Amino acid sequence: MSDDGTAADAGSASREGRLPGIVTRDGDRYVRVTRGLELPPRRAALGLLGVILFVAVPDLATLSPLLQLQVVHQGVLFGLAAVGLNLLLRHTRLVSFGHAAFFGTGAYAAAILATHFDVTSMLLLLAGATLFGTLMAGVVGYLSLRHTGLYFSLLTLAFGQLLYAVVIGQGYFGSSDGLSVRPGEANQALLFGVEFGSEAYSVIVYYLTVLVVVVGLLVMWRVINSPFGNALDAIGQNRTRARFIGIPVRRYVLAAFVLSGVYGGLAGGMYGLVQQHVRPESTLYFLRSGDILFMAILGGFQTLVGPLVGGIVLVFLQDVGRDVTSYFDALTGVVLVALVFGFPRGIVGSLKRGSPFRERLGRLAADPSLAATWLRGARDAAVAAAYRAGENLRILLFGVN
C-alpha cells in the first residue's frame with residue numbers, strides 16, 4: 001500500500017475511532033461490543049435485535065397465550081446451563097451425561113438456604129447456588145476426568161444418578177416432594193430488601209436472568225477466544241500432541257469442567273427462584289441431563305448462542321406439545337427429527353454464512369425451479385429406501401435365492 005493510502009486509512013480509522021463502538025480493520029467497518037469483540041454491522045444488528053426481543057418477552061407474552069413468560073424463562077435458564085456444557089462439548093470433545101447434577105445442586109442450594117437457613121436475599125441465594133454448583137462440578141470433574149470418551153460420559157451419568165438417589169432418599173431435601181424456595185413474609189426472595197408482588201416478581205427475576213445471560217455470554221466469549229480457549233481446542237483435537245507441546249491437559253480440562261459447572265449452578269439457582277419449588281425429577285434426573293445436552297446440539301454446539309436458542313426451542317416445544325396432544329413426547333420427537341434433518345448443524349449453526357443450508361437457500365433464491373428438482377430427488381430417495389428395506393426384509397424372512 002502506498003504511503004498516501006496508509007495515511008488515508010489511518011486518518012479514516014482515527015476519525016471513526018471517535019465514534020463510539022465503530023472501528024475499521026483492513027478497510028472494513030466493525031461494531032465494537034467490548035474490547036476484542038468486534039462484529040460486522042449485519043451480525044451486530046442481528047445481535048441487537050435478539051437482545052431487544054429478549055428484553056421485550058414480558059410485553060410480547062401479553063399479546064399471545066402461546067408465548068408464556070415462565071416457559072421462555074425456563075428455556076433461557078436451561079439454555080444457560082447448555083452454554084456451560086457446550087464449553088466441554090465444543091472445545092474438548094467431552095460428552096457429559098451428568099450436567100443436571102450442577103443444575104440441580106444450584107436449585108437445591110437456593111432452596112436449602114431459603115428453607116433451612118431463612119436466607120431471604122435473592123443475590124445471596126444465587127451466590128450460594130453458584131458456589132455449591134461450582135464445588136459439585138469440582139468434585140465430579142476431579143473424579144470423572146481420570147477417564148475419557150465413553151467411560152467419562154458414564155462416570156458423569158453415574159455421579160448424577162448418585163446425587164439424585166441421595167436427594168430423593170433424604171427428608172432433609174424434601175425427598176420426592178422437593179423443597180420450597182419461599183423465604184420472607186411475601187413467600188418470595190427479596191432484591192435489596194424490597195418485596196414485590198407475584199407479577200412484578202416474575203418480571204424482575206426475568207430481567208435479572210437477562211442480565212445474567214448477557215454477562216455469561218460475554219464471559220464465555222472471552223474465555224473461548226483466550227489462550228485458555230485455544231489450549232482447549234488443541235486438547236479437543238489431539239490430547240497427546242497437546243500434552244507434548246506442554247499443555248497441562250488434565251488441569252485445563254478440569255478448569256473447563258468447573259467453569260461449565262458455574263453456569264449450571266447459577267442457572268439452577270435462578271430456576272429455583274423462578275419456580276419457587278424444586279423437585280428431584282425436574283432438576284436432577286438423568287433425563288434432564290439429556291435435555292441439556294440435546295439443547296446444545298439442537299441450537300448448534302459450534303456456536304456461542306446456539307445452546308441458548310436450543311434451550312428455548314426445546315422447552316417451548318415440550319410446553320406447546322402438552323397443550324396440543326397427550327402424545328406430546330411423540331409430537332416433540334417428530335418436530336425435532338425434522339429440525340435435525342433440516343438443520344444438521346443446529347438451528348444457529350445452519351444459519352451461519354457458508355453452511356450447506358445457507359448455500360442451498362442462496363441457490364433456491366437464484367433459481368426457484370430447484371425446489372421441484374429437490375422434491376423429486378427426495379421422493380426418489382424415499383422410494384429407493386423403501387425398496388431396499390423391503391428387499392432386506394425378504395432376505396431375512398426367506399433367505400437369498
Side-chain angles (χ1 to χ4, degrees), residues 77-89 92 94-117 119 123-147 151-170 172-175 178-179 181 212 216 219-220 223 250-273 275 278-293 295-296 307:
L77 293 176
F78 282 114
L80 181 62
V83 169
L85 170 63
N86 199 41
L87 180 65
L88 285 178
L89 186 63
T92 67
L94 288 174
V95 180
S96 171
F97 290 155
H99 257 57
F102 318 132
F103 186 89
T105 299
Y108 266 90
I112 290 171
L113 289 173
T115 302
H116 297 306
F117 297 94
V119 177
L123 299 182
L124 284 180
L125 293 175
L126 288 179
T130 308
L131 175 62
F132 282 97
T134 305
L135 291 175
M136 182 60 69
V139 173
V140 174
Y142 180 79
L143 297 174
S144 302
L145 290 172
R146 296 171 182 273
H147 300 275
Y151 294 101
F152 165 79
S153 302
L154 291 178
L155 275 174
T156 56
L157 175 63
F159 283 119
Q161 281 300 93
L162 178 62
L163 183 63
Y164 170 78
V166 169
V167 169
I168 205 169
Q170 297 295 323
Y172 184 79
F173 301 109
S175 301
L179 288 176
V181 191
V212 167
V219 170
M220 184 59 74
V223 168
R250 189 174 172 190
R251 193 189 312 166
Y252 273 41
V253 176
L254 177 59
F257 196 95
V258 172
L259 183 57
S260 69
V262 173
Y263 281 74
L266 180 58
M270 296 292 306
Y271 177 86
L273 293 178
Q275 295 297 106
V278 295
R279 299 178 189 276
E281 288 81 3
S282 58
T283 57
L284 287 167
Y285 199 47
F286 76 97
L287 291 178
R288 188 58 77 188
S289 292
D291 283 345
I292 295 173
L293 178 62
M295 288 169 186

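Every value quoted in this text rests on a predicted model; they were computed, and no experiment measured them.
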For a 4.5 angstrom cut-off between non-hydrogen side-chain atoms, does [X] reach [Y]?
X      : Y      : answer
Gln170 : Ser175 : no
Glu281 : Ile168 : yes
Ile112 : Phe173 : yes
Phe152 : Arg146 : no

Hey, what do you get for OH (Tyr108) to CG (Leu113), rounding to the nearest 0.5 Å?
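Those atoms lie 14.0 Å apart.
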Which side chain to side chain donor-acceptor pair (under 3.5 Å) pairs, counting each pair once, include a residue from residues 257-271, with sequence neighbours left out?
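The answer is His99-Ser260.
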What's the verdict on side chain to side chain contact (heavy atoms under 4.5 Å, CB included) for Arg288 and Thr283, showing C-alpha distance, side-chain angles and the deciding distance?
CA-CA 7 Å; Arg288 188 58 77 188; Thr283 57; 6.0 Å; no
Kindly determine whether Leu145 and Leu94 satisfy side chain to side chain contact (heavy atoms under 4.5 Å, CB included), including the steps that lead there.
CA-CA 10 Å; Leu145 290 172; Leu94 288 174; 3.8 Å; yes
With side chain to side chain contact (heavy atoms under 4.5 Å, CB included) as the test, would you mind laying out the steps for Leu293 and Leu89 before giving the verdict?
CA-CA 9 Å; Leu293 178 62; Leu89 186 63; 4.1 Å; yes
Does the plane of the ring in Phe103 sit parallel, tilted or perpendicular to the ring in Phe78? Use 30° and 60° as the thresholds.
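Correct class here is parallel.
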Kindly indicate, with the supporting measurements, whether the criterion side chain to side chain contact (heavy atoms under 4.5 Å, CB included) is fulfilled by Phe159 and Phe97.
CA-CA 10 Å; Phe159 283 119; Phe97 290 155; over 6 Å; no
Donor-acceptor contacts under 3.5 Å from residues 132-143 side chains, at least two apart:
unit_1: Thr134; atom_1: OG1; unit_2: Thr130; atom_2: O; d: 2.6

